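Chain A is the first sequence line, chain B the second, and so forth, proteins listed ahead of strands; every chain is numbered from 1. Predicted model only: the values in this text are computed from it and were never measured.
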Amino acid sequence: MDKVYAPHEIERRIYERWESNGWFAPSGKGTGYSIAIPPPNVTGTLHMGHAFQHTLMDMLTRYHRMRGDDTLWQPGTDHAGIATQMVVERQLNAQGIKRTDLTREDFVERVWKWKAQSGGTINGQMRRLGDSVDWSRDRFTMDEGLSKAVVETFVRLHEEGLIYRGKRLVNWDPVLLTALSDLEVESEEEEGSLWHLRYPLEDGSGHLVVATTRPETMLGDTAVAVNPEDERYIKLIGGKLRLPLTDRLIPIIADTYVDPAFGSGAVKITPAHDFNDYEIGQRHELPMINVFTPRAAMNENVPTRFQGLDRFEARKQVVRELDEAGLLERIDKHKLMVPRGDRTNSVLEPYLTDQWYVKIAPLAEPAIKAVEDGRTRFVPENYSKIYFEWMRNIKDWCVSRQLWWGHRIPAWYDEQGGVFVGRDELEVRAKFEIPASTKLTQDTDVLDTWFSSALWPYSTLGWPEKTSELARFYPTSVLVTGFDIIFFWVARMMMFGLRFMGDVPFRDVYITGLIRDELGDKMSKSKGNVIDPLDIVDGIDIEALVAKRTSGLMQPQMAATIEKNTRKQYPTGMAPHGTDALRFTFAALASPSRDIRFDLARVAGYRNFCNKLWNAARFVSMTVGETAPAPGPTELSVADRWIRSRFSRMLEQFENALREYRFDFAATALYEFTWYEFCDWYLELTKPVMQSETSSEAAKHGTRQTLAEMLEALQRALHPLMPFITEEIWQLAAPLAGRKGETVMLQPFPASGEYPRDADAEREIEWIRSFILGVRQIRSGMDIAPSKKLAVLLSGTLAATETGSDTFAATGGVSASDRARIEKHRPYLERLGGLESITPLVAGASAPQSATALIGELTILVPMAGLIDADAEIERLTKKIEKTRLDRDKIAKKLANENFVKNAPPEVVAQDRERIAEFERTLASLEAQLARVRSLKGDQ
RNA sequence: AGUCGCGUAGCUCAGUGGUAGAGCACCUCCUUGACAUGGAGGUGGUCGGUGGUUCGAUCCCACUCGCGACUACCA
């Protein structure tokens, strides 16, 4: 084995072996456990957020697989309608081709080609991350089976009256030329203006001032509304206004929607271009005048001179003409929320079109109830509030998109505009008895991407067929995802799953935080702070990193800033850390309901941990040899018993943590056990046994066996989190421990109960640790070289009258139990403390000038002759005394409060009394020692 | 405007009604045969502020300051 763990060498080889052996597939035995992957965009790449979520999913998957569950992690990708179409359009544009230059079929063909070309990226990344998904079941939302599920769902919902087509206002993207759902709208506060316009009264007796943020829409006004209570305008209600720039007369209506305190208290009503106005229009049966083309230029319904103008040009011209006509009262600065498309960032228009909608209330109700009843549980729990909040105010879902890439809506039209929904044209003709002579054309729209995503947990398992997989793996066990798609995805899976499967799609929903950069900013390409998870794994030099971050920017002018920041943050690029270190970092940082500021130093720490584990394995193999210890008489040392006991406790902690999705606790339990107990103490404690000529063969045998057993079992415990290094070490450790098997990933997860708890061993080792710690503190405090062997003396608190004078003379008042311990553990104490001897201070002999440590009743004296600086010892003691006094006083104060003594639970009071006594003893001893050192110093 | 979070060591974060924790950073010492990606020891915090409940509050409650996220129709 190499001295330093080199992840790169082994990770690919190991994954290849796992995959080619088909070990990721469900075993077909045991309880079903399943996770459906949140399908990433097929043409995208995985970012840190994916890597984070995948780590948690893989950890759960590997753990349950090892527990013997029939475990499926279902992989797949999403066609991501708008996002993918935009990418391909951009590529075409770069070649000077417009999408509309191609036929729909040609364009879709190109998208499929792009998918084939780029679609492997994600799967490649997942393999590097160690994701143990069942590749044989890989799915794509546009593949045949899933498309069938989409059509089936649409048709059934339509049959049940839960899908309808209607002409309404939708959020229209004038760049993409498609409708969007409410969720795809991102409103941002922007600086704008509030224009106060004068609308002349019909009789010429004056004018009414209306305030608007969108003057260009005035060409489509069909009324002006005031509040019915508004004294100023009450007499005008029912009258008419002459709409400037047009020849139309529009009514003044009363509606309580109008807030008299805002603007002028009079609102122009444009039912075809504003959601509120639309509703007012419905209430008052106002005509709707659409003044925009789909690209948001002015259409034929406005005066000729405005026709064809872009909306923002039209705005300027409208304002100018009104101003010239003396109809512009004033312009106020005004902040307003501007709706923008989440993909194009273009300003959206409320626009009147025919679209397909899912009637959502009947679907939402059971989905709310399922969470209320705890059939699906959010972790952390407070996300259920966000879910409820949205579900209770949910509006119908516009599912049609005017795109080319996606699932075509299964609806056909005849030439009279009749609409027929069915699974295909044949079915439609049969069902509605439409003769072959009648021409039918299919709806040209596609469905919202999230429509197919909503079916994911069961469509991937073969629905609408009744498959054995559905029976076995639905509902899935847990969904791991980010809060940002609770509405987009989680809620919709709940609604559809309950409707079509009659049960929730997942038992638990674990919501992860967001991975942010080291400054707490969201990672995004445009900010140039994105980290590719594989760059952390493999490392990347600074030039390559800068190139990566500054290429293909939407705003190339940002490149210089991005380069500067990148060079500052990563002067030498990133070192390779390996997948296991990255995974460990994600788990350790996965505290509930908290975003993660990603810190590369943390990964380096866990890379060191990998190296530590690696070297522990080296040590074990050097100590044990290359084969399992031959059978023979075996004696387990106190350390051997102790490490098993501690391992048992750690496993319990780990499993409890994982049950509650506390990946951070689970990781910490593994880390602390491995480093602080197994490496720091157990391996050290084996040395006195193994490297001594006096220890028995049986004892050596027991230690060898324990070393092999623990190393092997530890790999299994660590495997779900660190799959690669544990596989590599396990291959070496398994034979030593006499365990057979081809791979650690299919071995049973170690059970806490297999390793006996041993309270006695834990007590003994605790005592040994404090003894050694005491010596080390003196050594360090007194600046004694580690290589210098010390001869320590002991004294106890027993008096001659208690022990008999002879015994006292020989033992220095050290209690029998301490003496027994010292004898029993002498090799440990001498070796780990760097001691040459441990002898009781002979009674009567005056104690030499020493530094001391207290272990309960036992005092360890390190003679100072030639070693120790008395001043340093005085300083050390003074410091210790001060600290002990503070601790004592704090408790003394508490105990002095009679209410505390009266009201606190007796065990708390008793415990404090005990502690104070302990502090008093320590203090007395420290003070005596201080006095001694002082007086001896005086003698010098 | 409403809803939900967050404020603990220099930094990033755990945590508990009863002795404040980790990683990184920092200081001192150490190339001792697993590991310098290491070992040993150490420094460092009136737990955002004020008030209340309690024998006791970093934790529970109220108010307050600061930060963030989400939702929403103010023309």
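Under the ring pair (Phe, Tyr, Trp, His ring centres under 6.0 Å) criterion, A:Phe619 pairs with no residue at all, not counting sequence neighbours. Partners of A:Glu684 according to the salt bridge (charged side-chain N to carboxylate O under 4.0 Å, His left out) rule, which considers only residues two or more places apart in sequence or in another chain, are A:Lys687. Legend: residues meeting salt bridge (charged side-chain N to carboxylate O under 4.0 Å, His left out) with A:Asp889, ordered by chain and number and at least two apart, are absent. Residues forming a side chain to side chain donor-acceptor pair (under 3.5 Å) with A:Thr217 (at least two apart in sequence, or on another chain): A:Lys268. For the side chain to side chain donor-acceptor pair (under 3.5 Å) test, no residue two or more places apart in sequence or in another chain qualifies with A:Tyr5. Partners of A:Arg618 under the side-chain contact (heavy atoms from CB on, under 4.5 Å) rule, at least two apart in sequence or in another chain, are A:Met1, A:Lys3, A:Trp614, A:Asn615. A:Tyr278 is linked by a side chain to side chain donor-acceptor pair (under 3.5 Å) to A:Gln282, counting only residues two or more places apart in sequence or in another chain. The salt bridge (charged side-chain N to carboxylate O under 4.0 Å, His left out) check on A:Arg776 picks up nothing, with sequence neighbours excluded. Evaluation of the salt bridge (charged side-chain N to carboxylate O under 4.0 Å, His left out) rule for A:Arg662 yields A:Asp664 as partners, not counting sequence neighbours.
Counting to the nearest Å, the C1' atom of B:U54 and the CG atom of A:Asn897 are 11 Å from each other. Between the CG atom of A:Asp259 and the C1' atom of B:A1 there is a distance of 13 Å, given to the nearest Å. If you take CD1 of A:Ile891 and P of B:U19, they are 9 Å apart, rounded to a whole angstrom. Spacing between atom CD of A:Gln777 and atom P of B:U28 amounts to 19 Å, rounded to whole angstrom units. Following rounding to the nearest Å, A:Ile252 (CD1) and B:A75 (C1') show an atom-to-atom distance of 16 Å. Look at CD on A:Glu189: it is 12 Å from P on B:A1, rounded to the nearest Å. Between the P atom of B:C70 and the CZ atom of A:Phe488 lies a distance of 11 Å, rounded to the nearest Å. Nucleotide B:U32 holds its C1' atom 12 Å from the CZ atom of A:Arg776, rounded to whole Å.
Closest to the side chain of A:Met622, from the set B:A75, B:G33, B:C55, is B:G33. Closest contact between the side chain of A:Lys894 and the listed nucleotides B:G18, B:G5, B:A34 involves B:G18. When distances are taken from the side chain of A:Asn608 to each of B:A75, B:A14, B:U37, the shortest belongs to B:U37. Of the candidates B:C4, B:A14, B:U28, the closest approach to any side-chain atom of A:Asp783 belongs to B:U28. Of all nucleotides listed (B:C55, B:G38, B:A34), B:G38 comes nearest to the side chain of A:Trp675. Distance from the side chain of A:Tyr676 is smallest to B:G23 among B:C35, B:G41, B:G23.
Across residues 679-690 of chain A, A:Cys679, A:Asp680, A:Leu683, A:Glu684, A:Lys687 each have a non-hydrogen atom less than 4.0 Å from an atom of RNA chain B (numbered order).
Contact check, A:Lys3 against B:G38: no side-chain N or O comes under 4.0 Å of OP1 or OP2. Residue A:His334 places at least one side-chain N or O closer than 4.0 Å to OP1 or OP2 of B:A75. At least one side-chain nitrogen or oxygen of A:Lys890 sits closer than 4.0 Å to the OP1 or OP2 atom of B:A20. Contact between the side-chain N/O atoms of A:Ser591 and the OP1/OP2 oxygens of B:A14 is found at a separation under 4.0 Å.
The shortest side-chain heavy-atom distance between A:Tyr671 and A:Phe584 falls under the 4.5 Å cut-off.
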Contacts under 3.5 Å, N or O only, protein and nucleotides 8-12 of chain B:
unit_1	atom_1	unit_2	atom_2	d
B:U12	OP1	A:Arg597	NH1	3.1

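Annotation: A:Glu914, atom CD; neighbour count of heavy atoms from other residues, nucleotides and ligands within 6.0 Å does not exceed 12.
Between the C1' atoms of B:G10 and B:G45, the separation comes to 11 Å (whole Å).
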Checklist outcome for this item: Pairing string of RNA chain B (Watson-Crick or G-U wobble, both atom distances under 3.5 Å; | = paired to other strand) is (((((((..((((....[..)))).(((((.......))))).....(((((..]....))))))))))))....

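Ring geometry for A:Trp675 against A:Phe609 counts as parallel: the plane angle stays under 30°, on a 0 to 90° scale with 60° as the upper cut.
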